[in-house]
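To keep things clear, I will list the structure first and then write my remarks on it.
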Amino acid sequence: MSEVKTKPVPARHFPSYERFDDELVAGSIFVAPVAEGQPQEFWYCCPCGCGITAPLRVGRGFKPAAGPSWNWNGSLEAPTLYPSVHHQGHWHGWLRNGVWESC
């Protein structure tokens, strides 16, 4: 299977996992709450529109040591992740300033 290329897709934050999981909006996100300074789950719905959801292990302002993991800027309105998100064999791209962009 080749990776899907998409036009830029805005990241829409859902405050509850139930609503995130019910609506499955391409590029949407849900961030599980945790104590400050701890790694957390950053759920996303694939930006290509296929409806696949997956969690990423992120740190707010840091990249967790246990990998794979991502550094998240902490914003729900304009989230940025580093490094890129690679959903193996399906989609690869960046989440920058609240917009998903294919590589």
Side-chain angles (χ1 to χ4, degrees):
M1 172 187 259
S2 63
E3 292 179 3
V4 176
K5 300 279 187 183
T6 63
K7 293 181 181 179
V9 175
R12 178 177 167 200
H13 172 250
F14 283 91
S16 78
Y17 181 81
E18 291 76 20
R19 189 159 171 223
F20 164 82
D21 195 45
D22 285 344
E23 295 199 27
L24 298 177
V25 175
S28 62
I29 62 169
F30 167 77
V31 182
V34 298
E36 187 67 31
Q38 296 297 312
Q40 58 197 125
E41 286 188 343
F42 184 106
W43 284 85
Y44 72 99
C45 185
C46 188
C48 84
C50 68
I52 293 173
T53 62
L56 302 173
R57 181 177 172 86
V58 303
R60 182 180 284 200
F62 69 97
K63 186 176 183 302
S69 62
W70 289 259
N71 184 331
W72 169 45
N73 70 346
S75 175
L76 297 173
E77 293 77 33
T80 296
L81 295 177
Y82 182 82
S84 64
V85 176
H86 192 184
H87 195 111
Q88 293 290 330
H90 182 71
W91 186 88
H92 185 203
W94 295 91
L95 176 56
R96 296 181 183 139
N97 298 315
V99 179
W100 295 96
E101 300 177 48
S102 294
C103 285

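Just so it is clear, the model here is predicted, and its values are computed rather than measured. The figures here come from the full heavy-atom set of this structure, side chains too, leaving out hydrogens, waters and symmetry mates.
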With rounding to the nearest 0.5 Å, note down the distance linking CD1 in Ile29 to CZ in Arg12.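 The CD1 atom of Ile29 sits 11.5 Å away from the CZ atom of Arg12.
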
According to the side chain to side chain donor-acceptor pair (under 3.5 Å) rule, which pairs have a member within residues 69-79, sequence neighbours left out?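 Of all non-adjacent pairs touching residues 69-79, those that pass side chain to side chain donor-acceptor pair (under 3.5 Å) are Lys63-Ser69.
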
Checking the side chain of Gln40 only, and the main-chain atoms of Pro33 only, is there a donor and an acceptor separated by less than 3.5 Å?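 Such a contact is absent between Gln40 side chain and Pro33 backbone.
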
Taking C-beta and beyond as the side chain, do [X] and [Y] meet within less than 4.5 Å on heavy atoms?
X     : Y     : value
Thr53 : Leu24 : yes
Ile52 : Cys45 : no
His90 : Cys50 : yes

Go through the side-chain N and O atoms of Trp91 and Ser102 and say whether any donor and acceptor fall under 3.5 Å apart.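 Distance-only check passes for Trp91 and Ser102.
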
Please check if any side-chain donor atom of His92 sits under 3.5 Å from a side-chain acceptor atom of Ser84, or the reverse.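 On atom types as modelled, these side chains qualify, holding a pair under 3.5 Å.
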
Which atom pair, heavy atoms only, marks the closest approach of [X] to [Y]?
X      : Y     : value
Thr80  : Asn97 : OG1-N, 2.8 Å
Arg57  : Pro68 : CB-O, 3.8 Å
Trp100 : Ala11 : NE1-CB, 3.6 Å

Other ILVMFWY residues reachable from [X] by side-chain steps of under 4.5 Å:
X     : answer
Phe30 : Phe14, Tyr17, Phe20, Val25, Trp43
Trp94 : Tyr82
Val99 : none

The criterion is side chain to side chain donor-acceptor pair (under 3.5 Å); which residues satisfy it with His86, sequence neighbours excluded?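 So His86 forms a side chain to side chain donor-acceptor pair (under 3.5 Å) with Glu3, Gln88.
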
Please enumerate all residues that pass salt bridge (Lys or Arg N to Asp or Glu O under 4.0 Å) together with Arg19, with sequence neighbours excluded.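 Checked Arg19 against salt bridge (Lys or Arg N to Asp or Glu O under 4.0 Å); matches are Glu23.
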
